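These notes concern the structure reproduced below.
Lettering of chains follows the sequences in order, A, B, ..., and the numbering in each one begins at 1. These figures come from a predicted structure and were not determined experimentally.
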Number of protein chains: 2
Amino acid sequence: MSVTAQLKSLSLDNINPHVKEAKYAVRGELAVRSEKYRAQLNKGEKGNLPFDTVISANIGNPQQLDQKPITFFRQVASLLENPLLLEKPEVLKEHLGYKDDVIARAQKLIKDVKSVGAYSQSHGAPAIRQSVADFIERRDGYPSDPEHIYMSGGASSGVNTLLHIICSKPETGILIPIPQYPLYTATLAVLNARCVPYYLEEGKGWGTDLNAIKESLEKAKQEGTDVRAIAVINPGNPTGSTLSPEDITAVLKFAAEEKLVVIADEVYQTNVFAGSFVSFKKGLRDLQKAEPGKYDNVELASLHSISKGMVGECGHRGGYFELVGFDSEVAAEIYKFISIQLCPPVIGQCIVEMMCNPPREGDPSYELYHKEYYGIFEGLKKRAFALYDAFEEMEGVECQPPTGSMYLFPTIHVSPKAVEAAKSEGRTPDEFYVSRLLDATGVCMVPGSGFGQKEGTLHFRTTFLAPGTDWVGRITKFHKEFMDEFR
Amino acid sequence: MSVTAQLKSLSLDNINPHVKEAKYAVRGELAVRSEKYRAQLNKGEKGNLPFDTVISANIGNPQQLDQKPITFFRQVASLLENPLLLEKPEVLKEHLGYKDDVIARAQKLIKDVKSVGAYSQSHGAPAIRQSVADFIERRDGYPSDPEHIYMSGGASSGVNTLLHIICSKPETGILIPIPQYPLYTATLAVLNARCVPYYLEEGKGWGTDLNAIKESLEKAKQEGTDVRAIAVINPGNPTGSTLSPEDITAVLKFAAEEKLVVIADEVYQTNVFAGSFVSFKKGLRDLQKAEPGKYDNVELASLHSISKGMVGECGHRGGYFELVGFDSEVAAEIYKFISIQLCPPVIGQCIVEMMCNPPREGDPSYELYHKEYYGIFEGLKKRAFALYDAFEEMEGVECQPPTGSMYLFPTIHVSPKAVEAAKSEGRTPDEFYVSRLLDATGVCMVPGSGFGQKEGTLHFRTTFLAPGTDWVGRITKFHKEFMDEFR
């Protein structure tokens, strides 16, 4: 250590050890390396790189991969940013093609928030929370109370809030599906609380297995863990699957018996390619209706976001969570906690409102909205199956059919020779595979170890957001060469 | 406790005790009550309320109090939200008054971020960080490295990040000025770390007192506290004062000797009414230049925001911090930590860019920008002194002259009778005064206890953002009646 370093306050040895323990592979070493390649190519310095473009299949970032924003949302947002434009409705309509409902929505939202440059209430503007509650009621057929809606900066910030409240000591445990989106394990690490893993059933389309959950809970209890909640991601990230209504009911009944808060991460609720989405809120209300009084104790926090689905507005950091069955004193602590960071981005709140309350049949903007929305949906579905078909053709790769979200999470079987080669680089075999893939093709994916996987299995996660199919061909070619090299 | 409550997982008794300990009065009980009054008045249900409008002087929220956004920023933002408008430059220019530099800036920023709906790099878009670094270099006359700039969701999120990294155990302590903005104490409470208070010198315009800081540090060391950093808020919140260059130098020298990270909260750097702003970065580089090698160990994190100043874009949640002298491994952990929440709002990042790089003399938008910017500045200054003059006239009130930020923090002396009346309501005398003020006038302020104050002293904090002077008259009238009632 240099003299200057010795005189510093902070070093890797004395900063928060819980931050150090956190792992977040989605933006880890490979992502950083892919950004370097991209910068290199952008500067026209291709050098020895054997590819012309970088494909960021490591992260669900639709607009980075050329998904076009929904016109209605962005037209309204432009007026929210510059309300002076509303003084010239004839220019907007005649020269810029803004429809009456665009103008009306902007006027309404400005009334609701006063200015997108002003702080809102800590949990969001009241009229926006009302609109979210109305959406939930239409979706589920059960009432929703705007006072129980909390706007958030993407769903990530909502998960951070909920885990902060629930994790009260180092022994606190949260049941987390494995594989999982690493926001959960990373946040639990920072909070010095315990991840209680429960494995999803890959062979059954990555469904929940109640016996596996029970076993995990019992094992955790024996180890002195105070398990307080169960997280479910539906549709699944990274699994690309949608839970059956039976799985949802089973989890809710189990949570009721075991006094567990249910954290339902439902940010992919519109990315469903088979059957239709059933929310945990609806599942819970159905149970409560069928057997009055029996499930009144269940505490459910359900999260949604503008980052995913056909909206894809990640950069705007908008989302919400709804609390069901929470104690009012606990809710007051949640309110105080989020107040410390003042409020979520207000323009993001407005886009949440539009996602929840888009143009309806008969509205001037409906036709275009409908065309754009389903155009994106069909494009995603098509690419999901194209990628799935490609994986099906690959030697040593097995993939569950895509039924939801934006990802595929295939199993890969590699040879002992590849395992050895990985070891010699200090990498796990899945990291090694994905690292080689990046260097050979410019396609950035995330190894299964970044999400968790059953011991002895190997996976990788890829989005199917990138346009075209050229990049799928790159993967197929690489895979064949990799398998041949390490045969 | 009801049967249902007993079957729940979460109650006030078992949630995170550190969240419960956190206090955040800026959005506490009085703020909630004032919002209720506002909602009541908006519905036309005045009832017995002795006022017609609520004045939210509890929080620095300029646009909620009718401060107009800067036109250039919002015109560009409207194009970022709807880039299709850029296809019709003639309509923008001829019918909507958008100047060429507005269009050029929007084109540049869209190139930089691809879409405001896409995630950026975790610490912000590279070209925006470059622009921030260029601004810092122009401001201070010393270079700044864009790789050391971290965009954040307002400065609050930056403070949260820094404290998360530094606080490694319950014994970790951070020197915090008292009075302080409660973000600091609240975040330390959540992190289960220690606030090491050092009192500012009210009699000397709320300057830092090196002897007081030394005493606090020694006392903390004796109590087993591992003090790792010193926070400074300059210009001050809630104090309304600007530190002298001598105070800044003294703090930096002290930090170098004691191996303390300096957290410089400089969000009010353009709200300076006397002298000119000197950044801690400049102060540090000056010291390093004067005595080469002697201060190389200093670690400085300097924060800025679009929420304050003449920009006032709180709702957009934009800000940044610059790290100076940090170990690269520590910086890598900061990068990982912020990655878990993906990225700050991208439109907020773009407004940071515009704040740092506004229209310059000769640019088409410069004249209007200049007029708006200095119009707001002069308005704030005028109201600051009008309020100060009013306080000077009030019996039992003493106030330091306003030299910076958006607040005044006068001392108030109340009679023993008022102290008694407060006690019977279970309130501190300053809370009692401010609560009475709200009920009588609709003006919402924050009691000094929300920021910390020397024992035996009483204060309140008010912004001077509200337009007009009617509300100042309301305070004067209330104060006289309060003093008379409790004489």
Select one option (side chain, backbone, both, neither) describing which atoms of [X] are under 4.5 Å from chain B's heavy atoms.
X: A:Val190; answer: side chain
X: A:Cys343; answer: both
X: A:Leu85; answer: side chain
X: A:Asn14; answer: both
X: A:Tyr98; answer: side chain
X: A:Tyr335; answer: side chain
X: A:Ser120; answer: backbone
X: A:Pro83; answer: side chain
X: A:Glu258; answer: neither
X: A:Val261; answer: both
X: A:Ser307; answer: side chain

(request) Kindly indicate whether the side chain of A:Tyr24, heavy atoms from C-beta on, has any atom under 4.5 Å from the side chain of B:Ile338. (result)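 Answer no - side chains too far apart.
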
(request) Determine whether A:Ser157 and B:Gln341 make a side-chain contact, defined as any pair of heavy atoms from C-beta on separated by less than 4.5 Å. (result)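 The answer is yes, as the side chains (C-beta and beyond) meet within the 4.5 Å cut-off.
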
Given the options [options], which has more heavy-atom pairs under 4.5 Å with chain B than any of the others?
options: A:Asp327, A:Val346, A:Ile340; value: A:Ile340
options: A:Ser168, A:Gly117, A:Cys314; value: A:Gly117
options: A:Pro69, A:Ala39, A:Ser122; value: A:Ser122
options: A:Ile351, A:Val159, A:Leu342, A:Val113; value: A:Leu342
options: A:Asp66, A:Ile334, A:Leu65; value: A:Asp66

Nearest-0.5 Å distance that lies between atom [atom1] in [X] and atom [atom2] in [Y]:
X: A:Leu10; Y: B:Glu299; atom1: CG; atom2: CD; result: 4.5 Å
X: A:Ile347; Y: B:His316; atom1: CD1; atom2: NE2; result: 5.0 Å
X: B:Leu191; Y: A:His18; atom1: CG; atom2: NE2; result: 10.0 Å
X: B:Leu84; Y: A:Thr71; atom1: CG; atom2: OG1; result: 6.0 Å
X: A:Glu35; Y: B:Gln121; atom1: CD; atom2: CD; result: 5.0 Å
X: A:Leu96; Y: B:Leu92; atom1: CG; atom2: CG; result: 6.5 Å

(message) At under 4.5 Å between heavy atoms, what parts of residues 182-189 of chain B are in contact with chain A? List them by residue number.
(response)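 Within residues 182-189 of chain B, the residues that come under 4.5 Å of chain A (heavy atoms only) are B:Leu183, B:Ala186, B:Thr187.
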
So, does [X] use its side chain to make a donor-acceptor pair with the main chain of [Y] at under 3.5 Å?
X: B:Lys8; Y: A:Leu260; value: no
X: B:Asn82; Y: A:Gln75; value: no
X: B:Gln64; Y: A:Lys114; value: no
X: A:Asn61; Y: B:Tyr119; value: yes
X: A:Arg228; Y: B:Ser9; value: yes
X: B:Asn297; Y: A:Leu7; value: yes
X: B:Lys336; Y: A:Arg27; value: no
X: B:Glu329; Y: A:Ser11; value: no

Among [options], single out the residue with the greatest number of heavy-atom pairs under 4.5 Å to chain A.
options: B:Ala229, B:Ala255, B:Pro345; value: B:Pro345
options: B:Pro62, B:Gly153, B:Gly325, B:Gly154; value: B:Gly325
options: B:Gln349, B:Lys23, B:Lys88, B:Gln67; value: B:Lys88

(request) Look at the rings of A:His95 and B:His95 and say which category their plane angle falls in: under 30° parallel, 30 to 60° tilted, over 60° perpendicular. (result)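 Ring orientation of A:His95 relative to B:His95: parallel.
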
(message) As a test of understanding, state which of A:Arg74, A:Glu81, A:Glu313 forms a side chain to side chain contact (heavy atoms under 4.5 Å, CB included) with B:Val116.
(response)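 Per the side chain to side chain contact (heavy atoms under 4.5 Å, CB included) rule, the option paired with B:Val116 is A:Arg74, out of A:Arg74, A:Glu81, A:Glu313.
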
Tell me, for [X] versus chain A, whether the close heavy atoms (under 4.5 Å) come from the side chain, the backbone, both or neither.
X: B:Ile59; answer: side chain
X: B:Val76; answer: neither
X: B:Lys20; answer: both

(request) Applying side chain to side chain contact (heavy atoms under 4.5 Å, CB included), run through A:Ile165 and B:Asn16 and close with a yes or a no. (result) CA-CA 5 Å; A:Ile165 296 294; B:Asn16 187 340; 5.7 Å; no

